[in-house]
There are 2 protein chains.
Amino acid sequence: MGKKPRTAQRRQESLSRERIIEASIEILDSDGEEGLTFRALSDRLATGPGAIYWHIDNKGELLTAACDAIIARAVDVPVVGMPPEAVIRALALGLFDTIDAHPWVGSALTRAPGQMPMVRILERIGQQIRALHVADEEEWPTACALLNYIVGVGRQNAANAQFTRARGLYRSTFLESLAITWSQLDRKDYPFTCDVADQLRDHDDRADFLAGIKLFLSGLRSST
Amino acid sequence: MGKKPRTAQRRQESLSRERIIEASIEILDSDGEEGLTFRALSDRLATGPGAIYWHIDNKGELLTAACDAIIARAVDVPVVGMPPEAVIRALALGLFDTIDAHPWVGSALTRAPGQMPMVRILERIGQQIRALHVADEEEWPTACALLNYIVGVGRQNAANAQFTRARGLYRSTFLESLAITWSQLDRKDYPFTCDVADQLRDHDDRADFLAGIKLFLSGLRSST
DNA sequence: ACCTGAACACCGTTCAAGT
DNA sequence: ACCTGAACACCGTTCAAGT
């Protein structure tokens with residue numbers, strides 16, 4: 001018997017940073033963040049764990065690079081001839097859906113402040129903020145706030161989904177049990193949460209996300 | 001020679017969930033998230049790693065419980081006689097500072113969707129949203145958006161600080177090197193980021209955070 | 001230059017054995 | 001009921017040795 005079962009046969013092409021990142025994304029998408037190990041990765045690439053270190057510095061850099069590949073695509077939305085507010089909405093929804101489809105992207109974004117993936121998003125948002133003729137000194141804080149809202153809420157939404165999946169539950173059953181827990185809280189201390197428990201059951205995360213964007217944009221309109 | 005060096009002498013009081021959480025917070029605050037291991041924790045409590053499992057289910061639950069202890073204090077702000085918008089601002093700033101002081105709280109919050117620490121925040125925000133007479137069906141999405149903004153931005157800010165500290169840099173030198181990197185980007189592709197690089201150097205995260213809150217509140221005012 | 005894979009120093013968690 | 005600590009099945013990372 002062989003020393004180690006090999007699912008894939010020995011690779012033809014030589015290793016490269018691109019192939020490593022591509023394989024990492026496949027693993028991250030199918031097995032989640034904790035599924036990406038250097039052993040699983042080197043197995044898929046039919047090599048040893050050490051080989052990867054020739055092309056990549058460490059796991060953090062690998063995650064950032066994989067994240068950047070996804071964000072680069074997500075941020076590439078049509079812009080021409082659309083009003084800035086519509087572009088912002090399209091950008092925001094596109095990112096929301098992307099983080100939802102690749103939950104690991106959310107945490108990778110947070111762990112790489114100021115790095116390329118975040119800069120890509122900042123730039124797109126910033127250009128639209130500029131097109132809205134926000135006062136010069138307000139451009140940066142406004143773009144920042146919007147960026148953080150989008151990533152923050154997208155991340156939170158993805159975390160919910162992951163939390164659910166990790167427990168082998170469906171979204172509906174998870175929300176159902178959460179609604180029950182909330183409605184059983186002491187009404188004296190948690191009046192709002194008790195009342196809102198019902199709405200939890202069949203709320204639409206994507207719609208709530210968009211509602212926040214709209215609030216933001218209307219705040220922006222009223223202050224310029 | 002002894003089997004194992006003991007920094008603390010054998011504990012007097014017996015173990016308890018409270019003592020474990022208290023010790024965890026001490027470790028998390030001084031050594032960060034990756035400093036909290038069951039070995040470090042049991043060392044500090046002068047016991048074995050297994051003993052902890054008698055009182056706590058797993059590491060995730062431990063982190064959530066530690067996080068909840070911190071949030072419970074942070075959310076306990078004076079409310080009486082203040083206008084709702086002022087309470088929201090105070091609440092938001094308090095949470096921002098708390099997450100900044102305990103960076104691990106940010107990630108713990110994200111990992112416990114719908115759990116107690118998040119509910120505490122939701123409830124306080126929700127009560128103020130209600131006091132602002134937001135339309136019934138808008139209460140939940142509005143509170144949600146605000147909650148997510150606060151936690152999202154707070155978390156991002158804490159991540160920046162951690163990223164800096166992990167590399168042994170000061171905040172100013174980190175921002176300086178980031179500003180240089182940004183200003184060297186290709187102006188054709190990154191006009192906004194290039195321009196904004198200067199503002200990065202001495203911007204105030206806390207002020208930017210507050211600017212987002214204000215934008216939110218003015219959006220709320222203009223839509224009610 | 002690029003790859004191999006054993007080895008190192010860790011993890012979280014379990015569990016038979018003790019009191 | 002509560003605690004002990006060795007043991008298990010993992011990690012990320014390194015590095016001497018190979019081609």
Side-chain angles (χ1 to χ4, degrees), chain A residues 1-24 27-28 31-67 104 107-108 111-112 162 166-167, chain B residues 1-21 23-24 27-28 31-67 104 107-108 111-112 166-167:
Chain A
M1 35 181 162
K3 292 170 63 187
K4 197 204 269 192
R6 277 267 141 93
T7 50
Q9 57 208 331
R10 183 149 294 257
R11 94 199 91 84
Q12 322 283 13
E13 329 157 44
S14 69
L15 228 49
S16 73
R17 195 180 154 84
E18 286 68 39
R19 278 187 50 71
I20 292 172
I21 291 170
E22 184 193 331
S24 300
I27 294 176
L28 285 163
D31 303 329
E33 204 162 343
E34 87 269 353
L36 181 66
T37 68
F38 278 80
R39 282 164 184 82
L41 185 56
S42 57
D43 261 18
R44 178 178 287 242
L45 292 166
T47 180
I52 294 165
Y53 280 90
W54 188 262
H55 302 273
I56 255 98
D57 278 355
N58 51 52
K59 193 172 180 181
E61 199 223 336
L62 181 57
L63 272 166
T64 306
C67 171
W104 53 273
S107 37
R111 237 171 291 145
Q162 272 186 304
R167 278 159 186 69
Chain B
M1 35 181 159
K3 292 171 62 185
K4 197 203 270 191
R6 278 266 139 93
T7 51
Q9 58 209 330
R10 185 148 292 257
R11 95 199 91 86
Q12 321 284 10
E13 330 157 43
S14 69
L15 229 48
S16 72
R17 194 181 154 84
E18 287 67 39
R19 278 186 51 71
I20 293 172
I21 291 169
S24 300
I27 295 176
L28 285 162
D31 303 329
E33 205 162 344
E34 88 268 354
L36 181 67
T37 68
F38 277 80
R39 282 165 184 82
L41 185 56
S42 56
D43 261 18
R44 178 177 287 241
L45 291 166
T47 181
I52 295 165
Y53 280 90
W54 187 260
H55 303 273
I56 256 98
D57 278 354
N58 52 51
K59 194 174 179 180
E61 198 223 338
L62 180 58
L63 273 165
T64 306
C67 171
W104 54 272
S107 37
R111 238 171 290 147
R167 277 159 187 70

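All values reported here derive from a predicted model rather than from experimental measurement. Chain naming here is simple, since letters A, B, ... match the order of the sequence lines and numbering starts at 1 in each.
- Atoms CG and SG, on A:L62 and A:C67 in that order, are 11.5 Å from each other to the nearest 0.5 Å.
- Side-chain N/O atoms of A:W54 include one lying less than 4.0 angstrom from OP1 or OP2 on C:dC2.
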Report the C-alpha separation of A:R111 and B:E33 in whole Å, then their side-chain angles, then the decisive distance to 0.1 Å, and conclude whether the salt bridge (Lys or Arg N to Asp or Glu O under 4.0 Å) test is met.
CA-CA 13 Å; A:R111 237 171 291 145; B:E33 205 162 344; over 6 Å; no

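- C:dC3 atom C1' lies 11 Å from atom CD1 of A:I20, rounded to whole Å.
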Nucleotides 8-19 of chain D: protein proximity per nucleotide (B base, S sugar-phosphate only, - neither; heavy atom, under 4.0 Å)
---BBBBB----

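- Pairing partner, C:dC10: none, since no Watson-Crick or wobble contact has both distances short of 3.5 Å.
- Between A:R44 and A:E22, none of the side-chain N atoms (NZ, or NE/NH1/NH2) sits under 4.0 Å from a carboxylate O, so this pair counts as no salt bridge.
- As rounded to whole Å, 7 Å separates atom P of D:dC2 from atom NE2 of B:H55.
- Rounding to the nearest 0.5 Å gives a distance of 12.0 Å between CH2 of A:W54 and CG of A:L15.
- Here D:dC2 sits opposite C:dG18 as a Watson-Crick or G-U wobble pair (both hydrogen-bonding atom distances under 3.5 Å).
- Residues A:L41 and A:A23 approach most closely at CD1-CB, 3.8 Å, considering heavy atoms.
- A donor-acceptor pair under 3.5 Å links the side-chain atoms of A:K59 to the main chain of A:L36, judged by distance alone.
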